[in-house]
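To start, the structure under review is shown below, and the notes come after it.
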Amino acid sequence: MYGRKACQLVKELANGEKGQLTHFNSDLFDQAISECEQHHLELQSLMRKIQEEGLDLQTTKNEDHFGALIHHLSLVRNKRCLMAYVRYDRAEIIRSLIWKVGSMLPPEIQEKLSNSEEEYFKKHSACLKAYMSRLELELTVDMVPPKDPYIQVRVLDDIGEGIILSDDKTANFARHSIHFLKRTDAEQFISRGLMEELRS
């Protein structure tokens with residue numbers, strides 16, 4: 001039956017946990033695209049047949065007309081389902097990632113994205129960085145205003161030596177070391193799971 005594959009994608013989207021990315025179902029997506037291509041070929045073939053018979057495409061109401069109509073409506077429906085799967089929920093979540101994890105995607109999120117979604121995230125991040133650069137303001141940190149601009153952090157994973165901070169100082173972030181840093185410097189590492197904030 002026409003439209004089943006695309007419908008399954010939308011059901012998958014609806015059944016997923018709100019605000020959470022699932023693995024991009026490239027197999028089902030490709031099958032729906034393939035069905036769209038088949039509908040397009042059938043539609044062209046039927047329209048060509050009507051024209052070859054010298055009939056008017058606007059007024060003819062025979063089996064070829066209704067066959068073309070079915071293929072056209074199925075094609076439109078599949079496209080709407082595909083767009084809903086890619087653009088509606090997933091795009092919204094991908095746009096929100098920069099506010100949650102920063103411009104570097106963790107591997108467990110990256111593996112859930114298709115190549116085009118990864119590219120979309122990179123371009124969105126680049127646009128936001130350019131905007132913040134013009135404003136000279138870091139918008140992705142401190143969504144809730146902090147009480148203190150400095151925090152104490154523990155390094156969870158060996159980050160390395162010579163890391164340049166916002167005040168042009170360098171730091172050595174060895175595993176399990178503890179530092180007192182500006183929140184804006186630490187936030188990028190905390191969001192990637194490389195540091196944790198120590199609360200008193």
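Along the sequence shown, the residues carry numbers beginning at 1. Since the model is a prediction, treat every value here as computed from it, not as a measurement.
Separating the CD atom in Glu12 from the SG atom in Cys7 is a distance of 11.5 Å, to the nearest 0.5 Å. With values rounded to the nearest 0.5 angstrom, Met83 atom CE is found 13.0 Å from Asn78 atom CG. Residue Leu43 holds its CG atom at 10.0 Å from CG of Leu73, rounded to the nearest 0.5 Å. Here CG of Leu194 is found 7.5 Å from CG of Leu156. Values are rounded to the nearest 0.5 Å. Put simply, CD on Glu52 and NZ on Lys49 are 9.5 Å apart, with the number rounded to the nearest 0.5 Å. Between Asp158 atom CG and His176 atom NE2 the span is 9.5 Å, to the nearest 0.5 Å.
Checked for salt-bridge contact, Glu92 and Arg95 meet the test: a charged N lies under 4.0 Å from a carboxylate O. Ion pair Glu196/Arg154 flagged as a salt bridge, since at least one NZ, NE, NH1 or NH2 atom sits closer than 4.0 Å to an Asp/Glu carboxylate oxygen.
Taking hydrophobic clusters as Ile, Leu, Val, Met, Phe, Trp and Tyr residues chained together by side-chain heavy-atom distances below 4.5 Å, Val76 does not share a cluster with Leu46. In this structure, Ile109 is a member of the same hydrophobic cluster as Ile94, with clusters built from ILVMFWY side-chain heavy atoms closer than 4.5 Å. Leu128 and Phe121 fall within the same hydrophobic cluster, where Ile, Leu, Val, Met, Phe, Trp and Tyr residues are linked whenever their side-chain heavy atoms come under 4.5 Å apart, directly or through other members.
For the pair Val10 and Cys81, the minimum side-chain heavy-atom distance is below 4.5 Å. Within the 4.5 Å cutoff, no side-chain heavy atoms of Phe189 are placed close to those of Val155. Using a 4.5 Å heavy-atom threshold, the side chains of Cys127 and Lys129 count as separate. Here the side chains of Gln152 and His179 are not in contact, with every heavy-atom distance at 4.5 Å or above. With contacts defined as side-chain heavy-atom distances shorter than 4.5 Å, the pair Leu82/Cys36 qualifies.
Tyr85 contributes no side-chain N or O that, together with a main-chain N or O of Ala6, makes up a donor-acceptor pair within less than 3.5 Å. Put simply, the side chain of Ser34 never gets that close to the backbone of Asp30: no donor and acceptor are under 3.5 Å apart. Judged by distance alone, the side chain of Asp185 and the main-chain N or O of Leu181 form no donor-acceptor pair under 3.5 Å. Of the possible polar contacts, one joining the Arg90 side chain to the Thr22 backbone as a donor-acceptor pair under 3.5 Å is found. Judged purely by atom type and a 3.5 angstrom limit, Ser74 uses its side chain to pair as donor or acceptor with the backbone of Ile70. For the pair Glu35 (side chain) and Ala32 (backbone), a donor-acceptor distance under 3.5 Å is absent.
Scanning for side chain to side chain contact (heavy atoms under 4.5 Å, CB included) contacts around Ala126 gives an empty result, with sequence neighbours left out.
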Check your understanding: Hey, mind stepping through Leu198 and Val153 against side chain to side chain contact (heavy atoms under 4.5 Å, CB included) and telling me if it holds?
Key -> CA-CA 5 Å; Leu198 298 176; Val153 294; 5.8 Å; no
Practice item. With side chain to side chain contact (heavy atoms under 4.5 Å, CB included) as the test, would you mind laying out the steps for Lys5 and Phe29 before giving the verdict? Key: CA-CA 8 Å; Lys5 304 294 184 191; Phe29 191 86; over 6 Å; no
**Study point:** Test side chain to side chain contact (heavy atoms under 4.5 Å, CB included) applied to His71 and Leu41, step by step
**Key:** CA-CA 9 Å; His71 286 294; Leu41 290 173; over 6 Å; no
Exercise for review: Carefully, step by step, assess Arg183 and Glu197 under the rule salt bridge (charged side-chain N to carboxylate O under 4.0 Å, His left out).
Suggested key: CA-CA 9 Å; Arg183 184 177 294 276; Glu197 183 178 355; 3.8 Å; yes
**Study point:** Trace of the side chain to side chain contact (heavy atoms under 4.5 Å, CB included) decision for Leu113 with Phe24
**Key:** CA-CA 6 Å; Leu113 303 179; Phe24 186 84; over 6 Å; no
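Side-chain contact check for Gln31 and Asp27: at least one donor-acceptor pair (N or O, by modelled atom type) lies under 3.5 Å.
Ring pair Tyr150/Phe180 is parallel by interplanar angle, where below 30° counts as parallel and above 60° as perpendicular.
Residues Ala186 and Ile151 come closest through the heavy atom pair CB-CD1, 3.8 Å.
Around the CZ atom of Phe66, the shell of radius 6.0 Å holds more than 12 heavy atoms that belong to other residues, nucleotides or ligands. By the 6.0 Å contact criterion, CE on Met132 is enclosed, its count of non-hydrogen atoms from other residues, nucleotides or ligands being greater than 12. For NE2 of His124, the number of neighbouring non-hydrogen atoms (other residues, nucleotides, ligands) closer than 6.0 Å is greater than 12. More than 12 heavy atoms of other residues, nucleotides or ligands lie within 6.0 Å of NZ in Lys112, so this atom counts as buried by the packing criterion.
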